[in-house]
Amino acid sequence: MSYLPLLPKTHGLLYGGDYNPEQWPKSVWKQDMKLMRAAGVNLVSIGIFSWAKLQPNEKTYTFDWLDEVMDLLAANGIHADLATATASPPAWMSRYPDLGAMDANGVVCTHGSRQHYSPSSPTYRKFAAALVRKLAARYRKHPALAAWHINNEYGCHVAECHSPASTTAFRSWLKTRYGTLDALNDAWGTAFWSQYYHDWNDVLTPRKTATFPNPAQSLDFRRFSSDALLDLCKMERDILRKATPTMPITTNFMGFFKPLDYQAWAKEIDFTCWDSYPDPLETGAGVLYAARGHDLTRSLKPGRPFVLMEQVTSHVNWRQVNGTKPPGLMRLQSLQAVARGSDGVLFFQWRQSVRGAEKFHGAMVQHAPPTQSRVFREVCELGAELKKLAPVTGSLVRSRVAIVIDWAAWWALELPSKPTDLRYEDAIHQFHRYFYKRNLAVDFVAPGADLQAYAVVVAPQLYLLTKEDAKNLDAFVRGGGTLLTNFFSGIVDEKEQIIAGGYPAHLRKTLGLWVEEWFPLAEKETRKVRIGKNKLQGRTWSEVIHPEGAEVLATFGDGPVRDLPAITRHARGKGQALYLATRLDDNDLAEWMDDLLAPFDLRPPLTAPSGVEVAVREKGEERFLFLLNHRDKPAQLNLAEHNGIDLLTGQPVSAKLVLPPLGVAVVALKNQRGV
Ligand code: GAL
């Protein structure tokens, strides 16, 4: 079976970084090319922050320097992930009063940093579209062009705007959603606190209010804000698509980034990519952060690899303390991305700046002379290793387990004035941690996604759940799936309105129970949870459950909920639905889930000591086993049943493999079905 690479013009895994030649004299460009070739760079993201250099005023464009750089790249066999340069408007554009984004307190952003534009500014839109048209026309046939990179990290600094232009855009978004003011009043529940609207012109974005803003309004504003930026992305995409119908288009995501509904965004681009910045001073947390970010970015575009678009070689500049990656960690993190489905490893940035706000941010070429730089040496070594991994290109990660993530549920859950303060990511991350630690591949899916490929779906804290999505989860269960959800799920609909008469409304039949009332726990308070002879500990939440067909697997052991159900299972159709009425600590959850999942034969590809990540990518009959030692001591692995060649050494892998600290092996398995 043959697989096209993500970028049809390229071969093998992608390697490179953000290239900002406009920060340097021309003499440096030639040296850059030489060093890029030495490092094995085959792709650079270029022009991301070049708008001011490309357009000195409203009417003039200056592409000559970019022409030269693009030609240099082509002459050196390096491809361009050409940016549309719209991430940071030039200073002259701030003469237009609608350009700057306004915060909830009415303060307007000025130029002098980056990304200060209002997503709904007609001025920004007009000039951005004009620039993209020019770029597309000029470079569409350029031999270096291999992909388009729209904007940069949409929403990173400014994800919401309250300017007059945004207010107008919000109103028209609401008119499209609700049609009439009556429908809006109904959806927002404006009979409450005298919030009723008699005129569209009185409807505002949720600016500074005296106390809790209207939650449905706040939720719609989140939706609108994600859509407003997506609209800009689509505007650019359409221009590019027209000029180059087959050229792949992307924009870089940021993993679990709350403001943007990446499930909606991913549908609009050709491949997903993200920027991963684990903290080197928090190694354990860093490994998990990167793993779940890779898993999310991969899952957003099922059936395709993704790209690690940015990471740093050594250290960033934006933390309180900017720890430096010790030798070997950058390589390990790069190969971790590949293990979890990335077809590329790119960095911010190619050459470390000597001016500007990011001069203390690491790069592929650091301030130290390249010939004497530990970082550049590692960069070159990694480039050479990625070439050896070319066979992996186009292979995929397959998971039988998925975690549901839904941006509307995230936004709604974290609006103020709830029974207790629940963080959506706490729940999502906890379950991801469980699967990660067991080396079980896991996807992230939308609640309305096709779930057929999965044996087990975990849908934690799905506070907002539409009737249709609840039906989808129910169909999954009836069809033989195992669904696990927990407290405070299925509480409100898409209007953030409670479905009264017994929680969790649309999930009642699926779970075979209803919930009468909640007893949230104080921060340090715990509840005993009795499960058979075992005693677990519940935190955060307890509640009064009335089973309606569900079997009680565990009960609370104390407090006002003593002897009431804490964990239930409901056999439904060919499957089952499990429900957790409290939060278990990691160890307790693991113990319980290990038992729960035992019948599913969800085995990791290889049994490995804790701290060793194991992942498999496959393509047709070919399978690649990735072994990554995140520990600071060697790890011994038993590969007796996993014959193959380690692509990094070119040697057959030994039955008793010892991975050094931070060591990696990538085994092309011989017995292809042997895992
Ligand atoms: C990213 C951004 C880059 C650079 C980098 C620094 O968020 O896209 O332009 O600023 O962070 O870590």
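Numbering of ligands and ligand atoms starts at 1, following listing order. Given the structure is predicted, the values throughout are model-derived calculations rather than measurements.
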State the atoms of ligand 1, each with its element, that fall below the 4.0 Å cut-off from a heavy-atom position in H361. 6 (C), 12 (O)
Are a donor atom and an acceptor atom from the side chains of E378 and T313 found within less than 3.5 Å of each other? no
How does V312 reach ligand 1, if at all, at less than 4.0 Å between non-hydrogen atoms: by side chain, backbone, both, or neither? neither
Within-4.5 Å side-chain heavy-atom neighbours: M364 and V41: yes
Is the CD atom of E58 crowded by more than 12 outside heavy atoms at less than 6.0 Å? yes
Will you find, in the side chains of T10 and H79, an N or O donor that is under 3.5 Å from an N or O acceptor? no
May I ask you to identify the nearest protein heavy atom to atom 7 (O) of ligand 1, giving residue, atom name and distance to one decimal place in Å? E153 OE1, 2.3 Å
Atom NZ of K258 with >12 non-hydrogen neighbours under 6.0 angstrom: yes
For N152, take its heavy atoms, then give the atoms of ligand 1 lying under 4.0 Å from any of them. 2 (C), 8 (O), 9 (O)
Within a 6.0 Å radius of atom NZ on K53, are there more than 12 heavy atoms belonging to other residues, nucleotides or ligands? no
Ligand-side contact atoms (ligand 1) for residue partner W318, heavy atom cut-off under 4.0 Å: 6 (C), 12 (O)
Write down the atom of Y424, the atom of Q461, and the distance for their closest heavy-atom approach. CE1-O, 3.4 Å
Looking only at distances, can you tell me whether any N or O atom of E358, backbone or side chain, sits closer than 3.5 Å to an N or O atom of ligand 1? yes
Please work out whether any backbone atom (N, CA, C, O) or any side-chain heavy atom from C-beta onward of M254 is under 4.0 Å from ligand 1, and answer side chain, backbone, both or neither. neither
Report the member of Q349, E310, R114 with the shortest heavy-atom distance to atom 9 (O) of ligand 1. R114
Output the list of atoms in ligand 1 that are nearer than 4.0 Å to some heavy atom of F49, sorted by atom number. 9 (O)
